[in-house]
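Keep in mind that the numbers below use all heavy atoms, side chains included, and drop hydrogens, waters and symmetry copies. Convention: sequence-line order gives letters A, B, ...; per-chain numbering from 1.
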2 protein chains.
Amino acid sequence: MSDQTTCRRDARPRRLILAGAHRQPGYCLTCGIRAQSVCSVIDDDDIARLAETAVETLVLPGRTFIEEGAAATDFYNITSGSVKLFKALPDGRRQITGFATTGHFLGLAVSDQYAFGAEAIDTVRLCRFSRPRMRQLMDDFPRLERRLLAEASNELVAAQNQMLLLGRKTARERVASFLLERMREAQDPAEDVPLPMTRSDMADYLGLTIETVSRTLSWMRTERLVAIGKGHTVRIVAMERLQTLAAGDAA
Amino acid sequence: MSDQTTCRRDARPRRLILAGAHRQPGYCLTCGIRAQSVCSVIDDDDIARLAETAVETLVLPGRTFIEEGAAATDFYNITSGSVKLFKALPDGRRQITGFATTGHFLGLAVSDQYAFGAEAIDTVRLCRFSRPRMRQLMDDFPRLERRLLAEASNELVAAQNQMLLLGRKTARERVASFLLERMREAQDPAEDVPLPMTRSDMADYLGLTIETVSRTLSWMRTERLVAIGKGHTVRIVAMERLQTLAAGDAA
DNA sequence: AAAAGGCATTGATTCAGATCAATTCAGCCC
DNA sequence: GGGCTGAATTGATCTGAATCAATGCCTTTT
């Protein structure tokens, strides 16, 4: 990983702030630089000590910055951009287990190996710090630990939903669920859903093939459920019917 | 839920102990009764206050004690027995998202609704306490919060493995993975794997049908990978080959 | 011991989605 | 604009697991 820069420590904030999901601007916990969004404010005397070991890293699109099975030495907080998390089988079959965006933490694990890989979708900025440091941070800031627990809980709920999808839903139900999930994730409240990922990523996330994803989207178009826009965008036309489909209410 | 009894508060321990995975005998955090296994010791002055609202509940086999979508009012710690966690679709399709045994916590959620249901497999004893109380406990005992985070992290890893299984593995690979997982879970180090759950549970856990599970086990028997014993037990005969199969190395 | 009920196994057939195989489309770079 | 390249769509065919359908096999009851 050659494309990393040291933290800009000149911009010292008065208060320590966690990058997070609540979408307020603020300063990164680990390096003190201004982040796109933060969620949690921590009163702080020890900011100088905290900023000591922080490193900001820039990751280019397509780059795998966490290798599945590698030694889990670092902890990451995404300050901008989005990444895909995945697991793979020896013969190349791949399962994307989730997407992570601004504010998410990566590398939370009890094991000493990363259980999944992580690859940048677009250009990603993240703060990286060592595991011993993370432990120390959690000792010093209980709110951080609480926040990690909340994030883990949410991810667990998402994972359970995904297990239901992968184990029991049909291709149509999977794609419908995916579109609605993407809509919820999008910052714009509109029904124009951005799909920045490739069909291949969608397929690997939904446990399908690219052909089935493509066919299913085409079917949704002819059924007037969605309209497929330019530039990786899908507009939801019949929200009700799509929700019914995603919930598995009727075939 | 009529089959619950109040906590036996007469057995006051000197120290507060968390029921957990490390398999040492000790006292339950919430009610102070002796539990089959505990993992974490917490020095304690406030034991009387802590035991105040604790309730021990006995759950009979087959009983659903957490209803998916119901108001998430309580938090549970299993002190003995094993339960299955599941999600369901309106038409009855079901996905078992995991099994929980002695020491596991249930009900961890940011949302105010349970994201999954929980049903007792055998007779289950558990300690139940309210969410506000749980919050208070976490405030008072940071080690509890740390333990919950560790448990959530482990579950997240397990969930990611299961997503790979459900999204990308074949029926044979799924059953092989399941047998090895059960072997790891079992307390006996032997290669005799106990399968207390029904074929239907296995199928709903692996995203298959009971017929496919049955056929796959029969195939494994004829291939001399396993020997099917009496009373819901399977003996692993060819460990190496089973591991290769589970890892998805060769078809 | 016979009857009954609930799993589990095995067989026959179907089908949703995978695989194999062309096109078609959208950027991009001269 | 005219190739060039990788992604997306569409079509034809195949197949692994689901579905439909009998038995078989324990456990409980009488």
Review point. Tell me: CG of A/Leu165 to P of C/dG17, nearest whole Å?
Key: 12 Å
Revision key, fill the gap. Out of C/dT10, C/dG17, D/dA17, minimum distance to the side chain of B/Ser214 belongs to C/dT10
Point to revise | Under 4.0 angstrom between B/Arg221 side-chain N/O and C/dT10 OP1 or OP2 | key: yes
Review point. Backbone N or O of B/Ile121 within a donor-acceptor pair of the B/Lys84 side chain at under 3.5 Å?
Key: no
Check your understanding: Does any non-hydrogen side-chain atom of A/Val124 lie less than 4.5 Å from one of A/Tyr76?
Key -> no
Point to revise | pair B/Gln162-B/Thr97: side-chain heavy atoms closer than 4.5 Å | key: no
Check your understanding: From C/dT10, C/dA8, D/dT9, pick the nucleotide closest to the side chain of B/Ser218?
Key -> C/dT10
Check your understanding: Is there side-chain contact between A/Leu225 and A/Leu179, with at least one heavy-atom pair below 4.5 Å?
Key -> no
Practice item. Nearest whole angstrom, please: distance from the C1' of C/dA18 to the CZ of B/Arg168. Key: 10 Å
Point to revise | B/Thr209 side-chain N/O to D/dA18 phosphate OP1/OP2 under 4.0 Å | key: yes
Exercise for review: Starting at atom CE of A/Met197, determine the distance to atom P of D/dA8, rounded to an integer number of angstrom.
Suggested key: 11 Å
Check your understanding: Do the side chains of B/Arg174 and B/Leu166 get nearer than 4.5 Å, heavy atoms only?
Key -> yes
Exercise for review: Write down the distance between CE (A/Met220) and C1' (D/dT10), rounded to a whole number of angstrom.
Suggested key: 18 Å
Review point. Does the distance from a Lys or Arg side-chain N to an Asp or Glu carboxylate O, for B/Arg93 and A/Glu173, drop under 4.0 Å?
Key: yes
Exercise for review: Taking atom CD of B/Glu223 as the centre, report whether more than 12 heavy atoms of other residues, nucleotides or ligands fall under 6.0 Å from it.
Suggested key: yes
**Study point:** Minimum side-chain heavy-atom gap A/Tyr114-A/Glu68 below 4.5 Å
**Key:** no
Revision key, fill the gap. With five pairs defining each end axis, the helix from C/dA1-D/dT30 to C/dC30-D/dG1 comes out bent, to 10°, by 40°
**Study point:** Spacing between A/Arg174 atom CZ and C/dA16 atom P, to the nearest angstrom
**Key:** 14 Å
Review point. What is the distance from NE2 of B/His232 to C1' of D/dC26, rounded to the nearest Å?
Key: 10 Å
Can you check nucleotides 11-14 of chain D for protein contacts, nitrogen or oxygen pairs under 3.5 Å, and list what you find?
from: D/dG11; atom 1: N7; to: A/Arg215; atom 2: NH1; distance (Å): 2.9
from: D/dG11; atom 1: O6; to: A/Arg215; atom 2: NH2; distance (Å): 3.1
from: D/dA12; atom 1: N6; to: A/Arg215; atom 2: NH2; distance (Å): 3.4

Practice item. Just call it for B/Leu208: base, sugar-phosphate, or nothing, with non-hydrogen atoms closer than 4.0 Å on any strand. Key: sugar-phosphate
**Study point:** d(CD1, A/Ile228; P, D/dA8) in whole Å
**Key:** 12 Å
Study note, to complete from the structure: A/Glu173 CD to C/dA16 P, in whole Å, measures 12 Å
Check your understanding: Think A/Thr212 has a side-chain N or O under 4.0 angstrom from the OP1 or OP2 of C/dA16?
Key -> no
Review point. Considering only heavy atoms from C-beta outward, does the side chain of A/Glu181 approach that of A/Tyr205 to under 4.5 Å?
Key: yes
